Amino acid sequence: MIPTLEWTQEGVRFLDQTRLPLEETYLLATTPDEVATIITTMVVRGAPAIGVSAAMGLALAAKASAATSAAEFADSYEASCRLLAATRPTAVNLFWAIDRMRRVFAGLLSSGSSMEAVRTRLEAEARAMYDEDIAACRSMGRFGADLLPDEGTVLTHCNAGALATCGYGTALGVIRAAVEAGKKIHVFADETRPFLQGARLTAWELMADGIPTTVLCDNMAASLMRQGRIQAVVVGADRIAANGDVANKIGTYGVAVLAKEHGIPFYVAAPWSTIDPATATGEAIPIEERSAVEVTHHGGRQLTPHGVGICNPAFDVTPARYVTAIITERGLLRAPYLESIAQGASAAQ
């Protein structure tokens with residue numbers, strides 16, 4: 001298990017993903033402000049991991065507070081919720097986790113709980129979410145493994161592995177489960193410009209697992225698909241709308257269009273917390289615009305002329321018509337997604 005994040009008595013310990021693959025270092029956060037910075041600067045990234053990180057940040061808020069009761073802590077707690085909610089606008093898991101922690105605190109507040117009870121309960125909830133995320137990833141792996149070929153190549157984009165979750169991974173969890181079942185899978189990993197999550201992170205963790213991996217520049221997939229060298233595509237997601245439109249790392253939409261053109265199945269693996277029934281279609285998903293420096297510079301070196309315009313959206317939206325199936329911990333969803341998503345939500349109630 002790659003230790004993406006971990007609750008400790010000292011605080012929350014994060015693997016610094018900005019230093020991978022050449023340097024494995026860890027940062028300790030002891031306050032919600034430090035967790036917010038860690039999320040914003042992409043020390044931790046990936047929708048499921050971001051959600052659990054925020055939950056742990058709220059548990060840290062209680063741990064660090066000098067308040068003596070839930071009532072005395074309430075305003076400070078809500079400020080921490082708002083702070084963490086502002087870090088990454090696209091990943092719906094972030095808001096799902098904060099809302100879940102808000103509901104827990106509301107129960108503590110209504111019962112007039114002491115701060116000792118608040119600290120204990122919020123920590124327990126955050127740690128439960130951590131365990132649930134790993135269990136969900138393993139379930140996704142079991143449901144998705146059968147979709148992959150017994151022998152062949154699978155393309156993935158960005159990093160939807162153990163590093164994007166609390167462990168095992170979503171898209172890479174499907175690949176891991178297929179390999180564990182005896183399938184001979186070779187992974188093509190898009191480098192994923194401009195932050196290079198595929199080249200730095202996906203390649204690193206798959207090589208650590210001994211899964212054969214080849215890194216591609218983002219503009220190479222079309223050529224390989226045309227040559228018949230890719231049998232399936234599996235990616236993660238940061239938000240899935242009620243109609244099945246999928247927001248994922250920028251470049252995913254292009255991969256989906258290419259897969260459709262070449263008759264290659266395009267799968268999305270994501271926990272149910274990534275599905276946002278309150279967002280009707282992908283058009284309503286907010287797309288984060290990140291710093292121009294991610295495009296203008298690399299490794300501290302400037303690559304572009306001074307003053308040139310920069311466009312750096314972190315995500316794009318893939319319409320549901322390009323998605324062959326959505327793999328969740330509750331099973332596979334297929335078109336029409338408006339119906340299958342609604343049915344899956346009803347079955348869980």
Side-chain angles (χ1 to χ4, degrees), residues 39-40 42 45-55 58 81-103 129 132-133 136-137 140 157-158 160 164-165 170-171 234-257 260 266-290 311-349:
I39 294 172
T40 302
M42 295 178 73
R45 23 74 48 210
I50 288 170
V52 175
S53 297
L58 293 173
C81 288
R82 292 194 299 269
L83 170 73
L84 289 160
T87 54
R88 300 293 303 274
T90 303
V92 75
N93 307 65
L94 172 67
F95 306 101
W96 168 84
I98 292 170
D99 287 345
R100 178 167 162 176
M101 295 292 280
R102 272 190 172 118
R103 290 193 298 271
M129 292 165 71
E132 290 168 16
D133 182 65
C137 288
M140 277 180 269
H157 188 77
C158 194
T165 65
T170 55
V234 58
V235 300
D238 287 80
R239 187 182 303 218
I240 300 173
N243 72 336
D245 291 349
V246 174
N248 194 47
K249 183 55 58 181
I250 190 73
T252 303
Y253 173 45
V255 171
V257 172
K260 185 81 167 182
F266 180 91
Y267 302 116
V268 175
W272 200 266
S273 57
T274 301
I275 298 174
D276 181 13
T279 298
T281 72
E283 295 296 323
I285 297 175
I287 301 298
E288 176 186 0
E289 180 81 19
R290 290 190 60 82
C311 178
N312 188 22
F315 306 94
D316 58 25
V317 175
T318 297
R321 65 181 178 274
Y322 293 107
V323 179
T324 307
I326 298 172
I327 307 162
T328 79
E329 71 272 31
R330 300 181 188 177
L332 302 181
L333 304 177
R334 295 188 184 272
Y337 292 107
L338 196 61
E339 295 178 12
S340 60
I341 288 173
Q343 289 169 359
S346 298
Q349 293 176 352

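All values below come from the heavy atoms of this structure, side chains included, with hydrogens, waters and symmetry mates left out. Being a predicted model, the structure only gives us computed values, none of them experimental. For the single chain, residues carry numbers from 1 onward in sequence order.
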Value rounded to 0.5 Å, distance of SG in Cys158 from CZ in Phe315: 8.0 Å
All heavy atoms of Ser340 vs all of Leu333, minimum pair found to be O-CD2, 3.7 Å
Between Tyr267 and Val235, does a side-chain contact (heavy atoms from CB on, under 4.5 Å) hold up when you go through it step by step? CA-CA 6 Å; Tyr267 302 116; Val235 300; over 6 Å; no
For residues Cys137 and Thr170, determine if any side-chain heavy atom of one lies less than 4.5 Å from a side-chain heavy atom of the other. yes
Is the backbone N or O of Arg330 less than 3.5 Å from a side-chain atom of Thr328, with the two atoms forming a donor-acceptor pair by type? yes
Return the minimal non-hydrogen interatomic distance between Ile39 and Ser53, and the atom names on each side. CD1-CB, 4.1 Å
Identify, with sequence neighbours excluded, every residue that meets side-chain hydrogen bond (donor to acceptor under 3.5 Å, both in side chains) alongside Arg88. Glu288
Not counting sequence neighbours, which residues clear salt bridge (charged side-chain N to carboxylate O under 4.0 Å, His left out) with Glu132? List them please. Arg100
Contacts of Glu289 meeting side-chain hydrogen bond (donor to acceptor under 3.5 Å, both in side chains) (sequence neighbours excluded), chain-then-number -> none
Minimum heavy-atom distance Ala247-Thr90, with the two atoms named: CB-CG2, 4.3 Å
Nearest heavy atoms of Pro277 and Ile275, plus distance in Å: CD-O, 3.3 Å
Arg102: salt bridge (charged side-chain N to carboxylate O under 4.0 Å, His left out) partners, not counting sequence neighbours: Glu78, Asp99
Please identify each residue that fulfils side-chain contact (heavy atoms from CB on, under 4.5 Å) with Ala280, with sequence neighbours left out. none
Sorted by chain and number, sequence neighbours left out, salt bridge (charged side-chain N to carboxylate O under 4.0 Å, His left out) with Arg239 holds for Asp276
Quick one: does any side-chain atom of His157 pair with a main-chain N or O of Ile250 as donor and acceptor, under 3.5 Å? yes
side-chain contact (heavy atoms from CB on, under 4.5 Å) involving Ser273 - partner list, sequence neighbours excluded: Asn93, Trp96, Pro271
Side-chain contact, heavy-atom cut-off 4.5 Å: Val246 with Val317? no
What pair of heavy atoms forms the shortest contact from Phe266 to Val268, and how long is it? CE2-CG2, 3.7 Å
Which atom pair, heavy atoms only, marks the closest approach of Ala54 to Leu94? CB-CD1, 3.5 Å
Keeping to residues at least two apart or across chains, list the side chain to side chain donor-acceptor pair (under 3.5 Å) pairs with something in residues 243-256. Asn243-Asp245, Asn248-Thr252
Residue pairs passing the side chain to side chain donor-acceptor pair (under 3.5 Å) test where at least one lies in residues 313-326, sequence neighbours excluded: none
Pairwise side-chain contact, Thr274 with Asp238, heavy-atom cut-off 4.5 Å (strictly under): no
